[in-house]
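Encoded as structure tokens, the structure appears first; notes follow it.
One-based numbering, in listed order, for ligands and for the atoms of each. When reading the values below, keep in mind they use all heavy atoms of this one structure, side chains included, and skip hydrogens, waters and symmetry mates.
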Amino acid sequence: MAPIPVNQQQSLVERLLAACGGAYTPEQRRKYFITGPQWAAAYEGHAVFHAPTRKPVSFETVMEHYAEIGIGHWTTHDTDVIPTDAIGTAKQDEIVGAIGACLKKNGLQCSMVTTETFHHPVWAASAAAEAPEVRAYAASRLANTVNIGHELGASYVVYWPGSLGYQIQGAVEEVQTLGWFADGMNAACEADIATAKKMGRPTMKHCLEAKPFEPQAEILLPTSDAMLAFIFSGLLKHPDMVGLNPEYLHELMWGAAPRAALARALMCKKLFHFDINDGYRLKHDVDIAVGLINPLDWLNVLVLLRSHGYNGPFNLDYKPPRTTSNWGVFAVSFTTAVDRFITLWEMAGEVMEDTIIREASDALRAGGGGDPKDVKSIVEANKELLNLHELIGHRLFQILVGAHKGRVYSV
Ligand code: XLS
Ligand code: MG
Ligand code: MG
């Protein structure tokens, strides 16, 4: 094949994407509670060892493209759009006003806001650092974000406490630090209660997000389970307002089964919000787009969420690859991520209706009729029935690859 000139590359990508088929319309995509982060679309491809591969993108551009694609909700960190120095000033009001107008113009809603408490040097020792002025500043930043959320009509606030941990063991008192972190959450909830009352709005859902590894050597709340323990620790003044924002890859990063982690959140009625992406077990926070690496696991996750009536947001917290261009972020990356999510969601519906899986599950629940007082008889009674576990796995695979509808290539 001859080299493809730059001016023909976009049309080639477009033609092949169209040839893939299976795309949903913006109207169909808008029916799902899919939310698009400012930071995901604006990610420039940089990392500790990586220079950016893309140019900066404004919130106006992000919103315009989300609207075109059919992503109906927008989410943001405070400093994605407001420079740190402008926080709490008249400049902030101006920017928030412009965001509100842009959301309206594009027919989008802001569903979630979150405070950046990990990037700026002020958070070097975390937002729950020893110095009281850091914690007072953190409390004011959290309250400010809550107020921005109310102004923009958001219902969710997320907290990823990035650097709540340490590099040097013994230098930080963990129990005390967790107490200080709880003080910050209490300040945020109280600001929410006051503002909600003033504005005649409901209070927001406060969602804790855990990540096990970076950027500190040790993390104090590394998993969703640790976050649950924190919520129920007695340190929170309003535990009913606080729940979880698990992230798919963050659970895989510590070797967990995301579906089991989500089940524990559902058990506690704390699954408020869900950051969606994909990646590899026990590795970096690569945030690869939804369902591209572990589609079978993703299908299983969505079966769990559908069957438990989860109706919260699915937040596209992934990083378009460094090999994708500024144009490709919207033309290829977000469209295909959303379409894979919808495909898997619809497939999860098929799994729930599948007569084979249903009959197998009912049979397993009926048991083999052994005598509960006789261990040997219990084992014997269930022996052949338990083959259904593997059969269900096979059926899930068939549904995933379309083999249940027949598949013939060379036979
Ligand atoms: C980082 C987190 C971050 C949060 C919001 O790893 O996923 O994007 O979701 O601060
Ligand atoms: Mg996240
Ligand atoms: Mg991540």
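Note: W345 and F33 fail the aromatic proximity criterion, with ring centroids not under 6.0 Å apart. Ring centroid separation for the pair H120 and Y137 does not come in under the 6.0 Å cut-off. Two rings, from F314 and Y32, have their centers 6.0 Å or more apart.
Defined by atom type and a distance below 3.5 Å, a donor-acceptor pair is missing between the side-chain atoms of N315 and H73. For the 3.5 Å distance criterion, the side chains of T75 and Y156 fail to qualify, holding no donor opposite an acceptor. No side-chain donor-acceptor contact under 3.5 Å links N277 and D317.
The residues D354 and R395 are annotated as salt-bridged, a charged nitrogen and a carboxylate oxygen being separated by less than 4.0 angstrom.
Checking only distances, N245 never comes within under 3.5 Å of ligand 1, N or O to N or O. Considering backbone and side-chain N/O atoms, W160 never comes within less than 3.5 Å of an N/O atom of ligand 1. Note: an N/O pair closer than 3.5 Å links D275 and ligand 1 by distance alone.
Of all atoms in ligand 1, numbered sequentially from 1 with element shown, those under 4.0 Å from a heavy atom of H77 are 5 (C), 10 (O). Numbered from 1 in the order shown, with element, the atoms of ligand 1 that lie under 4.0 Å from a heavy atom of D317 read 2 (C), 3 (C), 4 (C), 7 (O), 8 (O), 9 (O). Close approach to H250 involves these atoms of ligand 1, each under 4.0 Å from a residue heavy atom: 2 (C), 6 (O), 7 (O). Annotation for ligand 1: atoms under 4.0 Å from non-hydrogen atoms of D285 are 6 (O).
When the N, O or S atoms of D285 are ranked by distance to the Mg ion (ligand 3), OD1 comes first.
Protein N/O/S atoms closer than 2.8 Å to the Mg ion (ligand 2), listed by chain and residue number, are E209 OE2, E247 OE1, D275 OD2, D317 OD2.
Taking 4.5 Å as the limit, some side-chain heavy atom of L364 sits within range of a side-chain heavy atom of H389.
The proximity of E116 to ligand 1, defined as any non-hydrogen pair under 4.0 Å, does not occur for either the backbone or the side chain.
Within a 6.0 Å sphere centred on OH of Y280, other residues, nucleotides and ligands contribute 12 heavy atoms or fewer. Counted within 6.0 Å of CD on E44, heavy atoms from surrounding residues, nucleotides or ligands total more than 12; the atom is thus considered enclosed.
Not a single heavy atom of Y159 sits less than 4.0 Å from an atom of ligand 1.
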